[in-house]
Chemist: 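Please read through the structure below; I'll follow up with questions.
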Protein chains: 2
Amino acid sequence: MSDVLDRPTAGATSTLDLALRIVEFLAYQSGPTTLAAIATEFGASKATVHRHLRGLASRGFVRQDAATGRYDVGVKLMVLGEACRSRFDIVTTARPELIQLRDETGQAVTICALVDGDVVVLELTQGRTVIEFATRPGTKLALHASAHGKIWLAFGPAALLDAVRQAPLPAWTPETITDPQTLERDVAKVRERGWSTAPDEVISGVNTIAAPVYDHQGRLVASIAIVGAKQFIPADPADAQVEAVVGTARRISRALGWRE
Amino acid sequence: MSDVLDRPTAGATSTLDLALRIVEFLAYQSGPTTLAAIATEFGASKATVHRHLRGLASRGFVRQDAATGRYDVGVKLMVLGEACRSRFDIVTTARPELIQLRDETGQAVTICALVDGDVVVLELTQGRTVIEFATRPGTKLALHASAHGKIWLAFGPAALLDAVRQAPLPAWTPETITDPQTLERDVAKVRERGWSTAPDEVISGVNTIAAPVYDHQGRLVASIAIVGAKQFIPADPADAQVEAVVGTARRISRALGWRE
DNA sequence: CATGTCGTTTCAAATAGTGAAACGCTGTTT
DNA sequence: AAACAGCGTTTCACTATTTGAAACGACATG
């Protein structure tokens, strides 16, 4: 899923914005990337990209592979990410509750937030069975195709649903909802019952149960979920599993100052 | 320790460079910071800082506290840091060995790298006793006052030792080496025996034993260390402890393709 | 009420950034 | 071996962006 979204942003300077998008693009590549490919991706000249890469490299955000000349993300992102990790209430406040949810259900537990228009995995607590894809921290999840995404469509800013309405809904698996009206009905159901599920929609054979986390002002600030194979989390989930997720989400919300 | 180093960097554009330094500065603050304080810190105008903050905020690298108007680091750093974590061989390759070292010695274990001129903690494996300060990932360590720093002075680029020679050596504790000639002798000793120690130099009552990690080209790419109270790691460390650290560093180096 | 400091905005002036084009290098193809 | 393609790097005339002094309204403080 490419994130090279050249969308206009209020007050952003084009020079800085391009540089930030370049470093983010590199962070999501699987290996070093040629400067020419970066230039093509962003529709910028090689000279401009080269200048940005030098600037980013001088501060450690980017590095150049000496053998191939290709560019890669630098360690500074990881370092700064660690340096500021404790600054995010959601993650530190939620962690004990998420570990308890994992212990109670045995499934992998994830917490997501809306970051720059995307629903992103902030932290993963591994379950008995290891699920890597789509749960690794940093991963962006499709709004229409994931349980987390549906929570955000149901309880998040209205602009999210508006944006999804206007875009095609790509299929990740044969079960992914791609019809806008089916998605609207599903989102309405999520809103009604307070939790979401997405059996087979991201990965075949895998299901997720997600619930919303609110802050002291009643705003959706995160979503949490258990993730596991369908044999452990059936398409029609057990009440106990749903209650475990919803209950944990409520406790985290209360810890953040939320009042029902 | 302020890192607002306005040092000239080859090929860096000043606009981008200032913005990167601002986000890094925010990452190391303990809470939201006023725009005016940021402007003062970097000697830039409030209008310029405002523009950069808006640009950084539009991509999630910075956020503004709605109640106070102050600026804080955004979750995007943490997210991207996680997204690219697996891309750093050193950390993933070293992890099993570091866990084993921790199990063998019982002490906290850290791995550091040189990032943008600083020795920075990349990862921490907690020991039996918890030591937080100066070992949290993202923390920058003084070259002259830490065991990790001395490894880099002894085995890293000569420019590091040159830079330290030209700067005053601030004292962190009464035991910190502040005399340049004493430091040179200490670094020479580190080079000779292949490991370093720094009892009481960073924190009183705490000691560290560090050793170098080389890559397939024989370059220093990281340093690893055990950290603990002096009652567990005496100023004159036990041979077994030294051998455990040095041995682990060698195994990690070999895993990275190093040949003695 | 006066004062100080904040974040935000404006816009003339200044400066930085842009990108077409060229270059040398390297790997691939013929 | 020669030709070709694509790479990263550099140049510099031109363009566009960025800069920052100044002003503003909001808010906290004395």
Side-chain angles (χ1 to χ4, degrees), chain A residues 4 6-27 29-74 217, chain B residues 4-26 29-74 217:
Chain A
V4 196
D6 188 10
R7 72 175 173 271
T9 55
T13 59
S14 56
T15 299
L16 174 60
D17 198 59
L18 177 59
L20 294 179
R21 281 155 59 211
I22 288 172
V23 69
E24 178 163 357
F25 174 73
L26 290 177
Q29 298 304 293
S30 53
T33 308
T34 65
L35 179 154
I38 299 168
T40 301
E41 191 71 39
F42 292 99
S45 75
K46 292 196 294 176
T48 296
V49 172
H50 191 259
R51 187 177 309 103
H52 286 323
L53 289 173
R54 279 208 320 253
L56 291 162
S58 75
R59 291 292 172 185
F61 288 86
V62 149
R63 60 187 162 163
Q64 185 176 23
D65 184 71
T68 65
R70 294 178 176 211
Y71 287 86
D72 202 354
V73 70
Q217 287 180 316
Chain B
V4 198
L5 219 63
D6 189 9
R7 70 174 175 274
T9 54
T13 60
S14 56
T15 299
L16 174 59
D17 199 60
L18 177 58
L20 295 178
R21 281 154 57 213
I22 288 173
V23 68
E24 178 164 356
F25 173 74
L26 289 177
Q29 298 303 295
S30 53
T33 308
T34 65
L35 180 154
I38 299 168
T40 300
E41 192 71 39
F42 292 98
S45 75
K46 293 195 294 177
T48 296
V49 170
H50 190 260
R51 188 177 312 104
H52 286 323
L53 289 173
R54 276 207 322 253
L56 291 163
S58 75
R59 292 291 174 186
F61 288 87
V62 150
R63 60 187 161 163
Q64 186 176 23
D65 184 68
T68 64
R70 293 176 177 213
Y71 288 86
D72 203 352
V73 70
Q217 286 179 317

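In what follows, chains are A, B, ... by sequence order, proteins preceding strands, each numbered from 1.
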Chemist: For A/H52 and C/dG17, give me the distance from atom NE2 to atom P, rounded to whole Å.
Modeler: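 Whole-Å distance recorded here is 8 Å.
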
Chemist: Tell me whether the side-chain N/O atoms of B/Y71 come closer than 4.0 Å to OP1 or OP2 in C/dC6.
Modeler: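 Answer is no, no contact under 4.0 Å.
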
Chemist: Would you say a side-chain N or O of B/H50 is under 4.0 Å from OP1 or OP2 of C/dT8?
Modeler: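 Affirmative; the distance criterion is met.
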
Chemist: Does A/Q64 have a side-chain nitrogen or oxygen under 4.0 Å from the phosphate oxygens OP1 or OP2 of D/dC7?
Modeler: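 No, because none of the side-chain N or O atoms of A/Q64 sits under 4.0 Å from OP1 or OP2 of D/dC7.
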
Chemist: For A/A39 and A/V49, which heavy atoms make the closest approach, and how far apart are they?
Modeler: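 Heavy-atom minimum between the residues: CA-CG2, 3.7 Å.
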
Chemist: In terms of the nearest nucleotide of DNA chain C, which residue is placed more toward the 5' end: A/G43 or A/K46?
Modeler: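 The residue whose closest nucleotide sits nearer the 5' end is A/G43.
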
Chemist: Write down the distance between CZ (B/R51) and P (D/dG20), rounded to a whole number of angstrom.
Modeler: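 In whole Å, D/dG20 P and B/R51 CZ are 8 Å from each other.
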
Chemist: Look at the side chain of A/T15 and decide which nucleotide, out of D/dT17, D/dG8, D/dT19, has an atom nearest to it.
Modeler: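 For A/T15, the side-chain atoms sit closest to D/dT17.
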
Chemist: Do the non-hydrogen side-chain atoms of B/F25 and B/T33 ever get within less than 4.5 Å of each other?
Modeler: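 Touching, per the 4.5 Å side-chain cut-off.
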
Chemist: Between C1' on C/dG17 and CG on B/D17, what's the gap in Å once rounded to a whole number?
Modeler: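 In whole Å, C/dG17 C1' and B/D17 CG are 15 Å from each other.
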
Chemist: Grab the CZ-P distance between A/F42 and C/dG19 for me, whole Å please.
Modeler: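 Answer to the nearest Å: 14 Å.
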
Chemist: Which whole-number value in Å describes the distance from B/L53 CG to C/dC6 C1'?
Modeler: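 Those two atoms, CG and C1', are 14 Å apart.
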
Chemist: Does A/T48 place a side-chain N or O at less than 4.0 Å from the phosphate oxygens OP1/OP2 of C/dG19?
Modeler: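 Checking C/dG19 against A/T48, a side-chain N or O does come within under 4.0 Å of OP1 or OP2.
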
Chemist: Heavy-atom distance under 4.5 Å between the side chains of A/L53 and A/L26, does that happen here?
Modeler: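 A/L53 vs A/L26: side chains touch.
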
Chemist: Rounding to a whole Å, what distance do you find between B/R70:CZ and C/dT8:C1'?
Modeler: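 Spelled out: CZ on B/R70 to C1' on C/dT8 is 17 Å.
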
Chemist: Calculate the interatomic distance between B/I22 atom CD1 and D/dT18 atom C1'; express it in whole Å.
Modeler: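 Roughly 13 Å, once rounded to whole Å.
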
Chemist: Using a 4.0 Å heavy-atom cut-off across all strands, classify B/A47 as base, sugar-phosphate, or nothing.
Modeler: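 Contact class for B/A47: base.
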
Chemist: Do B/R51 and B/T48 come close enough that some side-chain heavy atom pair is under 4.5 Å?
Modeler: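 Yes; the side chains approach each other to less than 4.5 Å.
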
Chemist: Between A/R63 and A/D72, does any NZ, NE, NH1 or NH2 come within less than 4.0 Å of an OD or OE carboxylate oxygen?
Modeler: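 A/R63 and A/D72: salt-bridged.
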
Chemist: Between P on C/dG17 and CZ on A/R54, what's the gap in Å once rounded to a whole number?
Modeler: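 Taking atom P of C/dG17 as the reference, CZ of A/R54 is at 11 Å.
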
